[in-house]
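Take a look at the structure set out below.
Here is the naming used below: chain letters follow the sequence lines, and residue numbers restart at 1 for every chain. Because the structure is a prediction, the values reported are computed rather than measured.
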Amino acid sequence: MTSQEKLWQAVKVGLIAGAVGLSVCMIGLVESFNQRDIVSEQLTLGQALLFSTAVVAAYLASRSHQNTLAKFIHGLLSGVSAAIPIFLLILLSISWETIRDSFINVSPDLLSIITLANESPVTGGLQLIGMFAMVALFGIVLAIMSKPIRSALLTGLGWTIGLGMMSELLSGILRSRLSRETLDILFGKSGINLIPTIILLLGISISSYWWKRAGSEQFETVRQNLSPQQLTWSNRVWRAFIIFVVLILPSILGVYLTEIINNVGLYILMGLGLNIAIGLAGLLDLGYVTNFAVGAYLMALLTSSSDFGLASPISFWVALPICVLAAMFTGFFFALPVLRMRGDYLAIATLGFGEIVRVLARSDAMKSIIGGAQGILQIPQAQISGPIAGFFGSILNPINDFLGNYDLGILASDEGTIIFNNPPQLYYLLVLACLLMLFISRRLNDSSTGRRWMAMREDEDVAAAMGINTTNAKVIAFTLSAASGGLAGAIFAAKLGSIYPNSFQLLISVNVLSLIIVGGLGSIPGVVVGAFALVGIPELLREFAEFRLLFYGIALIAMMLVRPEGLWPSEASKRELHGEENEPIPDERYEIGDAKYEKAPT
Amino acid sequence: MLEINNVHTFYGNIHALKGVTLNVEQGEIVTLIGGNGAGKTTTLRTICGLMAPREGSLTFEGEDITKYKAHELVAKGIAMVPEGRGVFSKLTVTENLQMGAYHRNDRENIRKDIEWAFDMFPRLGERRSQLAGTMSGGEQQMLAVTRALMSKPRLLLMDEPSMGLAPVLVDVIFDAIGDINEQGVTILLVEQNAHMALQVANRGYVLQTGEIVLSDDADALKDDPTVQKAYLGLE
């Protein structure tokens with residue numbers, strides 16, 4: 001490449017980044033991101049998004065050059081080019097006064113952001129170019145740094161931006177724990193103050209660098225030097241600590257965050273169920289919401305005190321297993337017609353089932369039974385009363401007294417009744433349900449049925465030729481997979497108190513599928529991680545709800561490119577996608593208390 | 001042992017097998033040769049229950065087997081080495097062999113048979129905890145053959161074991177076929193490599209567009225002018 005071509009290359013990278021920047025402006029993302037500050041009154045998320053285009057452009061353009069001077073020249077050129085499309089937008093908005101008629105998002109607010117709140121748009125635009133050149137320097141510095149320092153710095157930046165975005169929640173959590181003065185030092189009017197932010201950034205970056213450089217090694221050495229007894233003890237302490245944190249989480253997080261975690265919990269339940277069908281058995285089921293709907297509607301019909309409910313409604317606890325069984329029956333029933341379908345055809349058929357159920361629920365034909373579009377109201381919350389509640393109370397009350405501020409969130413009332421009506425109480429219910437399903441999933445994964453599914457997923461014909469009854473295996477997969485969806489639906493109905501057909505859209509099936517893919521297909525911890533990433537984080541960013549699907553798309557594409565095996569992949573796909581050719585898997589694998597394996601003789 | 005009488009099999013409306021009749025006697029190696037699309041694989045899939053014949057009868061050891069599904073035939077003593085090997089690529093070699101013994105319950109003997117498989121093909125023993133998908137084609141074929149044997153079959157159906165293998169490995173596999181047969185397993189071998197197949201087999205059938213056009217002793221087929229011309233590349 002001649003030097004001229006190289007310069008043009010840098011400009012091109014910059015212009016592409018600028019086009020991305022321009023489009024995020026035009027769809028309103030920058031403006032809506034501008035409502036959140038990362039650093040109180042200094043830097044908003046919108047500005048960070050805008051400037052990040054210049055950083056990325058400069059980094060990409062300067063990365064391929066050896067010479068430091070060349071890095072600077074190309075990086076700067078690229079960063080400045082990234083400002084050009086946005087500068088053109090400013091010029092356009094001056095000459096075309098009615099621009100908002102065509103581009104609704106080119107609002108005065110947006111223009112004020114991209115002209116850096118200058119009186120004159122042109123001066124502002126020129127200043128923007130200057131700013132882009134300055135932040136481009138950061139991208140160039142990133143490219144000059146050695147890899148470990150860069151990754152440490154990026155880790156620090158990621159965490160700082162994340163915490164900065166969540167500053168409101170953070171200050172909410174800390175409010176009751178810290179003194180007024182400390183809070184004033186940490187938090188400004190709309191976010192974390194500048195100095196704590198810098199300390200945070202440096203702290204996280206340096207500790208991340210240290211951990212990668214030496215810390216993890218030291219940790220390993222310490223662990224290796226422990227005697228087996230000490231090791232079991234350290235594991236026990238860790239486990240006890242995790243259990244303790246899980247137990248007191250609602251009182252640390254407060255009601256709002258606990259509610260978000262409850263939603264995540266519902267998705268974890270559904271994800272674990274769908275993971276049986278897709279991850280383990282390889283059956284692409286796009287109608288998973290069916291099971292969720294069956295669980296929810298049956299719970300409503302059995303317990304509601306409205307006209308649609310039973311004459312004498314039964315309690316939540318009796319209805320719960322019935323809902324699960326009903327969902328399993330539906331799963332079984334829907335499995336029968338699709339037994340001979342494979343792959344894409346199966347996906348389309350199950351997609352149809354999901355829609356059938358929703359349309360039926362909304363239809364006038366079923367209106368007299370399940371309420372049509374108005375849904376079913378007056379579903380009571382789950383509650384425990386009588387001697388059982390007294391028993392829980394006698395255990396929980398002393399613990400709560402002992403924990404004081406960090407109580408367990410379930411307080412037996414004076415009448416001796418525990419009602420699951422608040423997020424903290426529902427949290428415990430969901431934790432129990434999730435633990436149960438995690439346990440079942442785990443056992444299934446290691447069972448001979450799990451092995452059958454695994455063989456079927458790889459090659460149905462060969463599995464049959466090995467003596468595996470694939471019909472049977474498929475029906476079992478669909479039935480068991482449905483159970484968890486029914487459980488989630490039943491809890492959902494009791495949690496909300498009313499249900500509508502519109503709560504059971506195709507989008508739920510899609511969400512559950514996405515979280516399994518992002519977490520790692522077939523991986524049980526992956527479901528939990530995926531649910532937090534795809535359900536938890538968007539819940540925290542409520543005001544950007546209209547961009548949720550955009551983020552989903554970006555997240556899925558990025559995952560497929562960067563980590564196709566998922567955030568927390570299963571061992572099998574890790575082996576497949578990142579396994580070294582001909583590298584034997586250590587024989588220790590056979591020692592993990594797994595009934596199906598024998599230790600390979602050495 | 002295996003008798004196929006006037007079998008017709010269809011893919012939708014496509015008439016793939018047009019009245020195939022053949023038989024395999026206890027202890028034999030019988031080969032079925034023919035060009036692409038002749039219906040060799042369809043014949044095997046019909047025998048092992050993956051496809052249902054529309055007409056005709058299939059009996060194994062005197063029993064009608066059309067009523068059984070594929071997975072039930074494994075317990076009856078029929079095993080298959082599928083076309084293109086079909087190993088479970090995400091499972092290790094040992095796990096693949098365990099899958100082959102899926103319908104058996106005698107854990108101790110399964111372990112011994114896995115060791116026997118490693119004796120037969122030491123290459124597999126060296127790679128026992130490696131993922132099957134990361135092995136070479138020849139090693140995968142060794143695995144597919146031994147995996148089929150793990151179900152202790154009396155009749156072994158093999159679909160093009162030489163496909164896509166290096167010549168030296170084709171020799172290894174065909175030596176193994178002879179050994180397996182000597183241990184009392186009857187073999188029905190489908191091959192495009194007619195030369196190798198007729199060397200190892202006792203008898204052979206030639207299949208053309210869904211019909212058996214020739215059947216004879218392997219040696220006689222080797223000398224048959226039409227076979228020589230069409231399948232052995234000799235003028």
Side-chain angles (χ1 to χ4, degrees), chain A residues 279-280 282 339-340 446 448-474 521-523 565 569-592 594-602, chain B residues 44-45 48-51 69-76 78-105 107-108 110-111 114-115 118 125-136 139 144 147-148 150-151 153 157 159:
Chain A
L280 300 185
L339 277 178
R340 306 184 52 142
D446 294 344
S448 72
T449 311
R451 184 56 61 82
R452 267 202 277 179
W453 286 335
M454 217 183 278
M456 191 172 73
R457 184 181 62 197
E458 295 223 0
D459 192 324
E460 224 176 295
D461 284 345
V462 177
M466 296 293 108
I468 292 168
N469 187 341
T470 50
T471 312
N472 220 328
K474 275 189 198 177
L521 210 53
S523 151
E565 74 276 23
S570 68
E571 202 180 336
S573 54
K574 223 187 310 186
R575 284 190 282 178
E576 184 191 26
L577 287 161
H578 287 289
E580 296 270 313
E581 187 115 343
N582 292 352
E583 188 190 51
I585 287 142
D587 283 344
E588 281 82 38
R589 197 170 125 59
Y590 290 81
E591 290 180 326
I592 304 167
D594 186 336
K596 271 285 146 185
Y597 294 105
E598 262 106 34
K599 179 168 165 39
T602 38
Chain B
L44 282 200
R45 288 174 65 90
C48 74
L50 286 170
M51 294 189 67
K69 292 200 181 119
H71 63 93
E72 292 165 327
L73 285 174
V74 180
K76 294 275 167 204
I78 301 180
M80 175 155 95
V81 181
E83 188 179 13
R85 307 181 274 276
V87 296
F88 299 120
S89 55
K90 289 185 202 169
L91 301 184
T92 65
V93 169
T94 313
E95 288 165 349
N96 263 281
L97 292 173
Q98 286 169 343
M99 286 307 310
Y102 182 81
H103 76 107
R104 291 168 60 187
N105 282 322
R107 184 171 290 212
E108 196 44 42
I110 292 174
R111 214 178 57 77
I114 290 178
E115 287 310 315
F118 292 157
E126 291 163 22
R127 307 203 180 291
R128 64 179 74 205
S129 38
Q130 187 179 320
L131 286 192
T134 63
M135 299 197 302
S136 76
E139 289 159 349
R147 182 182 60 181
M150 289 300 291
S151 69
L157 310 172
D159 199 348

Check whether any side-chain heavy atom of [X] sits under 4.5 Å from a side-chain heavy atom of [Y], and report yes or no.
X	Y	value
A:Met466	B:Arg147	yes
B:His71	A:Thr471	no
B:Tyr102	A:Arg451	no
B:Lys90	A:Glu458	yes

Identify, with sequence neighbours excluded, every residue that meets salt bridge (Lys or Arg N to Asp or Glu O under 4.0 Å) alongside B:Arg45. A:Asp461

I'd like to check the salt bridge (Lys or Arg N to Asp or Glu O under 4.0 Å) partners of A:Glu460; sequence neighbours left out, ordered by chain and number. A:Arg342, A:Lys474

Work out which heavy atom in B:Val74 is nearest to a heavy atom in A:Ala465; give both atom names and the distance. CG2-O, 3.2 Å

Closest contact, heavy atoms only, A:Val462 versus B:Gly86: CG1-O, 3.4 Å

